[in-house]
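Working notes for the structure below.
All figures in this text were calculated on a predicted structure; none of them were measured in a lab.
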Amino acid sequence: MQPLHLRSAGTSLVISTHRGEAEITHWGADLGDALPDLAILNEPIPPSSIDANVPAGLLPQASSSWQGRPGLRGHRISEGVPGFDFSVRLRMVSATTDGTTAVVIQSDPDAGITVTSNLTLHAGGLLELKHTASNDGTSPFQLDELATMLPVAPDAVELLDLTGRWCRERHPQRRAIQQGTWVRTGRHGRTGHDSSLLLAAGTAGFGNRHGKVWATHLAWSGNHEQFADNVADGRTMVGGSELLGPAEVVLQPGESYTTPALFAAYSDRGLDGITEAFYSWFRARPHHVGALSGKPRPVVLNTWEAVYFDHNLDTLVELAESAADLGVERFVLDDGWFRGRRDDHAGLGDWYVDQTVWPDGLTPLIDAVTSRGMEFGLWVEPEMVNLDSDIARAHPEWIVGPSAASHKDGGRLPLEWRQQHVIDLVNPEAWSYVFDRIDALLRGNNISYLKWDQNRDLLEHGHAGRASVHEQTLAAYRLFDALREAHPEVEIESCSSGGGRVDLGILERTDRVWASDCNDALERQTIQRWTGVVVPPELVGGHVGPTTSHTTARTHDLSFRAITALFGHFGMEWDVRSVTGAEREELKRFIALYKEHRGLIHSGRMVRADVPDESLMVHGVVADTHDGGTPTGATAALFAVVKTRTGFAEQVGRVAIPGLDPSRSYRVEAIFPSPGDADYGHTFIEAKPAPWLATGAEASGRFLGEVGLPMPVLHPEHAIVLRLTAL
């Protein structure tokens, strides 16, 4: 059987079958049209080892003497399958390709298991891989794990992943790849604040714009594992799998299980190349929102940090008036609008407008918002329930617990989290109730946007006495899908105590993620940078919070908060009625700046410089023109120069601005903050600024990328915005 060769955007993936099973023999740089006889890759056989070459299969198997992490684990629940033992031995049935997609079918007739693997190498170089295991036998098969894995080259010697906590999501950590298995496990029942959005293996010292990188992401919103497995013979596999609970997936005869998609990218240009592959995939989707869809991402005002639970029509109308004056385009009413919800102890699950607070319903506020030219959005948390709610009292059996006995019948409940529990969406009646209530809200009110929250982990999560995170995740997906089908005009944001559910599984069903509950601009610089390594800025909510952060008590100038929020889907979480005088004019000017440049920010190529000074961050977005699909050069760019802390040197020195067309000339201007802005004088700590800062500068892309410009000496936790225009 001839090898399968997928090629796209400088990446090749080669699947050979000459050892009897499918094996990825290359995933990395493009190999061109012709391949040699892959038998030349047969390795020598070392002493004291198996007397054959051991393949690192598309599904690594113990039956092939693979000594690393296996791809498939499970067992028959009953006897009676002739020839079955504990080790599945999958062998090739068929393999087909059209050059960018492949379908590989492998089977073990004795074990009664068939696995179909679907691979797609998308136009921008992003690989998508799924396996489907089918039970061909006559007895149930308990599936313990079905993992998606990919090999990386021997020069991948460093591993980068992300971790965090509430209000400090997605921070990087690095380590050398050494013999053994590095595993990141998520048992939150959701993606998790500490989950690694990306697992990247690379050459020594790989950075934003240099080095080879192989990176993976598991598109799943429930329990999961991501791992790098380096075996004794030196080979390294990276991948991920759904983490299944005891007997959570039992395949009856004829049933199948499909893994979450593993998305993977290769780059020989550092992490920016990985980002380009992911952004290309996102922006090619027919349902993608943002500049490429023709509808700009609106300026948002969310009411949470303005009023919290203190809902009052007059106050909120004043807030809407102030927001409209600033140029806000979407007004979102947060938690506190529904029955019994005066704090976070009660009301979840009772998705009816509270008549004691809103005697005429939400219509007066919605009319006040829409009459001022803004869309109206509403906060919901459909997957959760408070014990102090009418629905919990009426249907205690709908509350998730670890035992077969319901709460109604004395069954034990998991510990509370934020005074709430999980409603059992696996129960068809509970699912229908939640769908009907949210559907009725959308049908009965002029709502354009849902901020969909999920404020607790799914711990001790069971249905009918069995672990059910798997089924709950699928049921939540069905709920999103059904509501989107019924209300295609309504956008949905995924919020999960901030950034606790950020993954490509949820992003297939939503139009934005809330990156973090922390609006502290300094914290947000790191959170947004590493969220943006995979998720494009038009899908990442970034808001200007109050002058003093509600989550860190840190105080920042408006310019730093606004510049941080600019490179995302911009909004505010702030009582803007209190913004007056010069500060209000500065905020208005910045909102106008966002509107002017959001088309570029939400469609351009992300560029992150490798800056030797660790106290400085330089990042931006570049607009590329195309001729018949071929890039013809960067025509414009917007960059931020961010000082996060004090540096060792007295001067910043020359800082390169990468990612431009080396053959073009550009005009570089500092556009925010400007001398007339209220906090302009707080931004700099220098006796005399570099002359170009006042007059602008002109230079070629090659000069700017190699030599750069002398940057101003910025105070810590301050930033400036640079605009580059091709001449």
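- With hydrogens and angles disregarded, no donor-acceptor distance shorter than 3.5 Å links the side chain of His217 to the backbone of Ala215.
- Remark: the backbone N or O of Thr11 is not paired with any side-chain donor or acceptor of Trp27 at under 3.5 angstrom.
- Among residues at least two apart or in separate chains, side-chain hydrogen bond (donor to acceptor under 3.5 Å, both in side chains) pairs with a member in residues 260-270 are Arg269-Glu276.
- Taking the six-membered ring where the residue is Trp, the centroids of Phe570 and His602 are separated by 6.0 Å or more.
- The backbone N or O of Leu162 lies less than 3.5 Å from a partner atom in the side chain of Ser196, making a donor-acceptor pair.
- Looking at Glu383 and Arg501, a side-chain N of the basic residue comes within less than 4.0 Å of a carboxylate O on the acidic one, giving a salt bridge.
- For the ring pair (Phe, Tyr, Trp, His ring centres under 6.0 Å) condition, no pair includes a residue of residues 482-504, sequence neighbours left out.
- Neither side chain, Tyr477 nor Gln472, offers a donor N or O lying under 3.5 Å from an acceptor on the other.
- The side-chain heavy atoms of Trp452 and Phe480, taken from C-beta on, include a pair separated by under 4.5 Å.
- A tilted orientation is assigned to the rings of Tyr257 and His470, their planes being inclined by 30° to 60°.
- For residues 491-510, the set of pairs meeting the ring pair (Phe, Tyr, Trp, His ring centres under 6.0 Å) definition, not counting sequence neighbours, is empty.
- For Phe206 and Trp214, the ring centers sit 6.0 Å or farther from each other.
- At least one donor-acceptor pair under 3.5 Å links the side chain of Thr203 to the backbone N or O of Lys212.
- Salt bridge Arg165/Asp194: absent, no basic N to carboxylate O contact under 4.0 Å.
- Inspection of the Ser241 and Glu225 side chains reveals no N or O donor paired with an N or O acceptor under 3.5 Å.
- Of the possible polar contacts, none joining the Thr526 side chain to the Leu522 backbone as a donor-acceptor pair under 3.5 Å is found.
- A donor-acceptor pair is defined here as one N or O able to donate and one able to accept, closer than 3.5 Å; such a pair exists between the side chain of Thr148 and the backbone of Gly240.
- Panel note: side chain Ser293, backbone His287; no donor-acceptor pair is recorded below 3.5 Å.
- Using modelled atom types, no side-chain atom of Arg175 and backbone atom of Glu158 make a donor-acceptor pair closer than 3.5 Å.
- The side chain to side chain donor-acceptor pair (under 3.5 Å) test with Trp379 singles out one residue from Asn302, Asp453, Asp335, and that residue is Asp453.
- Side-chain contact, Arg341 with Asn386: a donor N or O sits under 3.5 Å from an acceptor N or O.
- For Trp514, the side chain to side chain donor-acceptor pair (under 3.5 Å) partners at least two apart in sequence or on another chain are Asp517.
- Side-chain contact of Gln420 with Asn455: a donor-acceptor pair under 3.5 Å is absent, judged by distance alone.
- When only modelled atom types and interatomic distance are considered, Gln525 and Thr564 share a side-chain donor-acceptor pair under 3.5 Å.
- The closest side-chain donor-acceptor pair between Arg190 and Ser496 falls under 3.5 angstrom.
- In this model, no donor atom of one side chain and acceptor atom of the other lie less than 3.5 Å apart for Tyr279 and Arg605.
- Taking the six-membered ring for Trp, Phe278 and His122 have ring centres at least 6.0 Å apart.
- Contact of the Trp417 side chain with the Leu459 side chain is registered, since non-hydrogen atoms from C-beta on lie closer than 4.5 Å.
- The cationic group of Arg69 lies under 6.0 Å from the six-membered ring centre of Phe227 and within 45° of the ring axis, placing it in a cation-pi geometry.
- The distance from atom CD of Glu508 to atom CG of Asp481, rounded to the nearest 0.5 Å, is 9.5 Å.
- Counting heavy atoms from C-beta outward, Ile492 and Arg509 have side chains that stay 4.5 Å or more apart.
- Residues Asp272 and Arg608 are not paired through a salt bridge, judged by the lack of any N-O separation under 4.0 Å between the basic side chain and the carboxylate.
- Between Asp520 and Arg554 there is a salt bridge, with a side-chain nitrogen of the basic residue lying less than 4.0 Å from a carboxylate oxygen of the acidic one.
- Aromatic ring centres of His619 and Phe639: separated by at least 6.0 Å.
- Remark: the Asp511 side chain and the His288 side chain contain no N/O donor-acceptor pair separated by less than 3.5 Å.
- No donor-acceptor pair under 3.5 Å is formed between the side chain of Arg285 and the backbone N or O of Trp281.
- A side-chain donor-acceptor contact under 3.5 Å links Trp182 and Asp161.
- Salt bridge present: Glu491 and Arg297 bring a charged side-chain N and a carboxylate O closer than 4.0 Å.
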* Take Leu301 and Val332, measure what side-chain contact (heavy atoms from CB on, under 4.5 Å) needs, and give me the verdict at the end. => CA-CA 6 Å; Leu301 179 81; Val332 181; over 6 Å; no

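- Considering only residues two or more places apart in sequence or on other chains, Ser468 meets the side chain to side chain donor-acceptor pair (under 3.5 Å) condition with none of them.
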* Asked: Please walk me through it: do Trp304 and Phe309 pass ring pair (Phe, Tyr, Trp, His ring centres under 6.0 Å)?
  -> CA-CA 8 Å; Trp304 179 244; Phe309 289 106; 5.2 Å; yes

* Any chance you could lay out the salt bridge (charged side-chain N to carboxylate O under 4.0 Å, His left out) test for Asp610 and Arg209, step after step, and finish with the verdict? => CA-CA 7 Å; Asp610 290 302; Arg209 300 189 60 78; 6.0 Å; no

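- In this pair, Phe435 and Trp431 present their aromatic rings parallel. The plane angle is below 30°, not in the 30 to 60° band.
- A salt bridge does not link Arg645 to Glu717: none of the charged side-chain nitrogens sits closer than 4.0 Å to a carboxylate oxygen.
- For Ser8, the side chain to side chain contact (heavy atoms under 4.5 Å, CB included) partners two or more places apart in sequence, or in a different chain, are Leu121.
- In terms of modelled atom types and a separation under 3.5 Å, the side chain of Arg456 and the main chain of Glu416 share no donor-acceptor contact.
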